Protein chains: 2
Amino acid sequence: MHILVLGAAGMVGRKLVDRLLADGHLGDRQITRITLHDVVAAAQPLDATIPVEIVTSDFADAASAAPLLAPRPQVIFHLAAIVSGEAEADFDKGYRINLDGTRHLLEAIRAVGDGYHPRLVFTSSIAVFGAPFPEKIGDEFLSTPLTSYGTQKAICELLIADYTRRGFLDGVGIRLPTICVRPGRPNKAASGFFSDIIREPLAGQEAVLPVSDDVMHWHASPRSAVGFLIHAGTMDTKAIGPRRNLSMPGLAATVGEQIAALERVTGKNVVARIRREPDPVIMGIVAGWPRNFSTDRARQLGFTTAEKTFDDIIRNHIDDELGGNFVA
Amino acid sequence: MHILVLGAAGMVGRKLVDRLLADGHLGDRQITRITLHDVVAAAQPLDATIPVEIVTSDFADAASAAPLLAPRPQVIFHLAAIVSGEAEADFDKGYRINLDGTRHLLEAIRAVGDGYHPRLVFTSSIAVFGAPFPEKIGDEFLSTPLTSYGTQKAICELLIADYTRRGFLDGVGIRLPTICVRPGRPNKAASGFFSDIIREPLAGQEAVLPVSDDVMHWHASPRSAVGFLIHAGTMDTKAIGPRRNLSMPGLAATVGEQIAALERVTGKNVVARIRREPDPVIMGIVAGWPRNFSTDRARQLGFTTAEKTFDDIIRNHIDDELGGNFVA
Ligand SMILES: NC(=O)c1ccc[n+]([C@@H]2O[C@H](COP(=O)([O-])OP(=O)(O)OC[C@H]3O[C@@H](n4cnc5c(N)ncnc54)[C@H](O)[C@@H]3O)[C@@H](O)[C@H]2O)c1
Ligand SMILES: NC(=O)c1ccc[n+]([C@@H]2O[C@H](COP(=O)([O-])OP(=O)(O)OC[C@H]3O[C@@H](n4cnc5c(N)ncnc54)[C@H](O)[C@@H]3O)[C@@H](O)[C@H]2O)c1
């Protein structure tokens, strides 16, 4: 089977590709070819035993999708997007990439015709929801995003459901929780601190915490995110019905609980590297974010997290990213 | 004040324009000019005391919106759309008109710049909801449309909320119930029978009822629809907050209740003109439609219907469309 990954050079994309190459199969089907697409060239995986093709183009160009579909990939993982902060700072760019890019892809799939009917897994986000919220956001709660990024994701969800209903493709949208611990360097995302306060202290670095300890948020590890993608790529979609977009399971934790977990797993020294520096702007943004979910549909459909507690999230990060070591 | 009506030649558009011309003002502001736009030429109103300009162009052409905005209309009523059945039969046409047309309009408003910030009233539909439903659809129920038309309306809702949040315009989306009694000839809409079974018997004609008497649906009169539009065009939108799209009040009635009301208002002879001819296809379509709503937000924000019972709907139709007479 041929798999196409869009946004393959990104954080989640790289981890998905590593997993696909390690597994060698998707569900019970042998992987025979993988195409990695991104606007920046994805790295050629070392020692891959499966043919891997790297394609570099701008997904938002209407002409980009057709050549990617020429070999008829059976499963398409669509992770290409610009993040919330960038889509808010550059209105046109956000709509062009996060909305029009996706629409070009859907149209290109439809244009193939001749019975081509790929599984399309789309990474949506909990940013499709906007405050005020119930204590837990359930599976029937409305989408009223408070960012352009969330709006673009919500629109793509609607399109994917309609293109699926019309028989043009077999789409599944998965609303990822905030991925924590995000590896790499601190970035400019307003949500960055949720990962920074774990990752940086583990590396012996100071991290800034801009909100109060009682801020609750919805997290899943990179390992869980990859698990969700694989499941969405292999599950029997007949069980889903027409509501093709699902809030993924996760873990609700306050910042205080994150820090307590870090102390349990690593000790007082590590935690002492977190510096509290309240930032009213970030506090304002975060106040509009989802805190907690009940994700019954996703769980019934077989989506599961790789962690039961925030301690697990930290341990998995130390194992997966730090070779089991941290700066004590 | 200058008002622009898109879709002005349509059923609701014509009634809105009649009301605006009769009132001479919108809220407490004098109307100084009205532009009527449609892809088919709107009729020049007789005896209008306000300058009325007729513009005919295809709203889905990217270039159509800019000239309409040149005189900076302060209030825009956007009613242009193709209906559910047509959007389902012609996928491309539905997306072109119902989605891209609206997006061109929003972009053209944003492109004006220089502080232009019109009120935009958008007619959405209860078709943004798809079964299964709770007994009453509340203000926080999710949008999972089961038609391309409903998908297009739901996407426009998201866009209007985002363009409003970003400060490009002042948008309000109103989800109209099914308008009943729809005047004119029977059309091909699957929902047509809800009006046909009232309108045709009143005119001495037979009407076909393709579903069973216990089918419940959500109705409002044309008079109510015009009232909603006027209120959305004049209300203080600060009270709405970021959730800019509202399910409008209406009246839940079963087909049996509709017929009983018709008999109360007109007698047995009229009702005898309804012929029951169950149609499994229409029954299947209608099974996926909303039945009943609780519309607390809209009511709190001042939206009210012009009728308390289905009897009122029938009486208003006889008064407004039939000069007080019917074929007994
Ligand atoms: N990381 C999270 O916490 C999180 C949470 C919810 C949803 N998501 C979604 O999951 C997906 C993957 O997230 P991530 O953290 O790996 O993001 P990322 O930013 O690391 O990766 C996204 C990739 O998309 C690529 N891309 C951007 N514009 C492109 C274009 N025009 N053409 C081709 N490629 C383009 C980027 O180059 C990047 O490699 C995204 O769709 C994101 O919106 C992520
Ligand atoms: N009537 C209902 O029961 C109902 C219910 C819910 C929502 N709505 C919505 O309310 C609005 C008005 O409904 P209506 O019953 O008056 O519909 P209608 O079909 O009578 O009127 C729509 C008008 O839009 C015009 N139009 C279509 N395509 C156009 C284009 N490309 N450029 C310019 N104009 C174009 C048509 O010519 C028509 O005059 C529509 O947006 C409809 O979707 C109606």
Side-chain angles (χ1 to χ4, degrees), chain A residues 87-92 94-96 98-100 102-103 106-107 110-111 127-134 137-168 173 175 240-247 288 297, chain B residues 87-92 94-96 98-100 102-103 106-107 110-111 127-134 137-168 173 175 240-247 288 297:
Chain A
E88 202 64 16
D90 189 337
F91 187 84
D92 289 307
Y95 275 91
R96 204 177 79 86
N98 293 350
L99 172 52
D100 296 328
T102 302
R103 200 161 160 211
L106 301 180
E107 277 298 285
R110 179 177 161 235
V128 301
F129 300 108
F133 303 119
I137 296 177
D139 288 320
E140 299 198 327
F141 192 68
L142 84 173
S143 273
T144 51
L146 293 174
T147 57
S148 293
Y149 169 85
T151 302
Q152 292 143 13
K153 292 287 189 186
I155 293 174
C156 291
E157 287 191 3
L158 285 160
L159 290 172
I160 285 164
D162 199 41
Y163 276 69
T164 297
R165 192 185 60 79
R166 300 288 292 238
F168 303 137
R175 292 183 199 121
I240 307 185
R243 295 188 183 167
R244 288 278 164 160
N245 298 285
L246 300 162
S247 297
R297 284 196 72 216
Chain B
E88 204 64 16
D90 189 337
F91 187 83
D92 289 307
Y95 275 91
R96 206 178 77 88
N98 293 349
L99 173 51
D100 296 328
T102 301
R103 201 161 159 213
L106 301 180
E107 278 298 286
R110 178 177 161 237
V128 301
F129 300 108
F133 303 118
I137 296 177
D139 288 320
E140 299 198 327
F141 193 68
L142 84 172
S143 273
T144 51
L146 292 173
T147 57
S148 293
Y149 169 85
T151 303
Q152 292 143 12
K153 292 288 189 187
I155 293 174
C156 291
E157 288 190 3
L158 284 160
L159 291 172
I160 285 165
D162 199 41
Y163 276 70
T164 296
R165 193 185 59 80
R166 299 289 292 237
F168 303 138
R175 293 184 198 122
I240 306 185
R243 296 190 182 166
R244 288 279 165 159
N245 299 285
L246 300 161
S247 296
R297 283 196 74 216

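Quick caveat: nothing in here was measured; it's all calculated off a predicted structure. Protein chains get the first letters and strands the later ones, always in sequence-line order, with residue 1 at the start of each.
- Separation of atoms CD (B/E140) and OG (A/S143) is listed at 12.0 Å; rounding is to 0.5 Å.
- Contacts between B/N245 and chain A at a heavy-atom distance below 4.5 Å are absent for every atom of the residue.
- For A/A161, no part lies near chain B; criterion is any non-hydrogen pair under 4.5 Å.
- Counting only heavy atoms from C-beta outward, the side chains of B/T151 and A/R166 never approach each other to under 4.5 Å.
- The heavy-atom pair separating B/F91 from A/D162 by the smallest distance is CE1-OD2, 3.8 Å.
- When B/P145, B/A154, B/P132 are compared by the number of non-hydrogen pairs under 4.5 Å with chain A, B/P132 comes out ahead.
- A/R165 and B/S148 are linked by a side-chain donor-acceptor pair at a separation below 3.5 angstrom, with hydrogens and angles left out of the test.
- With a threshold of 4.5 angstrom between heavy atoms, B/R244 does not approach chain A through any atom at all.
- Proximity to chain B is limited to the side chain of A/F168, based on heavy atoms less than 4.5 angstrom apart.
- Proximity of A/D92 to B/E107: side-chain heavy atoms (C-beta onward) are separated by under 4.5 Å at one or more points.
- Looking at B/Y95, both its backbone and its side chain come within 4.5 Å of chain A, counting heavy atoms on both sides.
- Within the 4.5 Å cutoff, the side chain of B/L158 has no heavy atoms near those of the A/E157 side chain.
- Only the side chain of B/L99 comes within contact range of chain A, with at least one heavy atom under 4.5 Å from a heavy atom of that chain.
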